Amino acid sequence: SSSGPAAYAAVLQKESPVRRAMIAMSVFKPERASLAFAKDKRVYLYHSRQDKICPFRFAEQAQSTLEKQDAKVKLVEYDGGHGWHS
């Protein structure tokens, strides 16, 4: 979850070799992202509505914000709260 901002930063750079990112149960801080470079980037978000550490609204905000910048975003929900579950 704490590496999410680094993943967003890596994929949202102007000439980044990173074209895709999988970001799980993380915060989203749009003010720290280069949203102008989101076009055609692919972001897979994995988040639980029961997450009490990083609320689900972060994933929803990331999806909405990135899609408005023409990124391809897939938000997948899982049950169980914060953390990796079987």
Side-chain angles (χ1 to χ4, degrees):
S1 59
S2 60
S3 63
Y8 286 116
V11 76
L12 296 174
Q13 290 181 29
K14 183 176 182 179
E15 295 187 27
S16 177
V18 179
R19 304 285 305 156
R20 300 178 181 101
M22 177 187 174
I23 301 171
M25 61 203 97
S26 182
V27 298
F28 177 64
K29 299 183 178 190
E31 67 279 2
R32 294 187 181 176
S34 299
L35 297 172
F37 306 120
K39 184 179 169 96
D40 296 327
K41 301 292 178 76
R42 296 183 181 273
V43 179
Y44 181 96
L45 301 170
Y46 191 61
H47 215 113
S48 171
R49 287 191 182 272
Q50 295 85 33
D51 193 329
K52 303 289 188 222
I53 296 171
C54 294
F56 191 78
R57 65 180 163 77
F58 285 119
E60 292 175 312
Q61 181 186 22
Q63 180 182 31
S64 174
T65 301
L66 294 172
E67 285 178 344
K68 286 177 184 170
Q69 297 297 321
D70 295 320
K72 309 297 184 221
V73 182
K74 181 168 185 162
L75 172 56
V76 175
E77 297 178 39
Y78 67 92
D79 290 327
H82 193 78
W84 296 106
H85 304 278
S86 58

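Everything quoted here is computed from the prediction, not taken from an experiment.
- The side-chain hydrogen bond (donor to acceptor under 3.5 Å, both in side chains) check on Q50 picks up S48, with sequence neighbours excluded.
- Summarising the geometry, atom CE belonging to M25 is positioned 12.0 Å from atom CD1 belonging to I23; distances are rounded to the nearest 0.5 Å.
- Looking only at side-chain heavy atoms (C-beta outward), Q63 and V43 stay at 4.5 Å or farther from each other.
- The heavy-atom pair separating G81 from Y78 by the smallest distance is O-OH, 2.9 Å.
- Each of L35 and Y44 belongs to its own hydrophobic cluster when Ile, Leu, Val, Met, Phe, Trp and Tyr are linked at side-chain heavy-atom distances under 4.5 angstrom.
- Taking OG of S64 as the reference point, atom CG of L75 lies at 11.0 Å (rounded to 0.5 Å).
- Criterion: ILVMFWY side-chain heavy atoms under 4.5 Å apart, direct or through other members. Under it, I53 and W84 are not part of a common hydrophobic cluster.
- Counting non-hydrogen atoms of neighbouring residues, nucleotides and ligands closer than 6.0 angstrom, the CD atom of E15 reaches no more than 12 such neighbours.
- Rounded to the nearest 0.5 angstrom, K39 NZ and Q69 CD are separated by 10.5 Å.
- Side chain of H47 to main chain of F58: no donor-acceptor pair is present (N/O by atom type, distance under 3.5 Å, no hydrogens or angles).
- Here the shortest heavy-atom pairing between G4 and S26 reads CA-OG, 3.0 Å.
- Residues meeting the side-chain hydrogen bond (donor to acceptor under 3.5 Å, both in side chains) test with R49, sequence neighbours left out: E77.
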**Request:** For the pair K41 and R20, evaluate side-chain contact (heavy atoms from CB on, under 4.5 Å) and give the outcome as yes or no after the intermediate values.
**Result:** CA-CA 6 Å; K41 301 292 178 76; R20 300 178 181 101; over 6 Å; no

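- Side chain of S16 to main chain of V11: no donor-acceptor pair is present (N/O by atom type, distance under 3.5 Å, no hydrogens or angles).
- Counting all heavy atoms, side chain and backbone alike, P5 lies closest to V27 at CG-CG2, 3.8 Å.
- With rounding to the nearest 0.5 angstrom, the CG atom of L66 is 9.5 Å from the CD atom of Q61.
- Closest of all the heavy-atom pairs between V73 and E67 is O-OE2, 3.6 Å.
- In this structure, CZ in F37 is found 9.5 Å from CD in Q13, a value given to the nearest 0.5 Å.
- L12 approaches A33 most closely through the heavy-atom pair CD1-CB, 3.6 Å.
- Annotation: the span from L45 atom CG to K74 atom NZ amounts to 11.5 Å, rounded to 0.5 Å.
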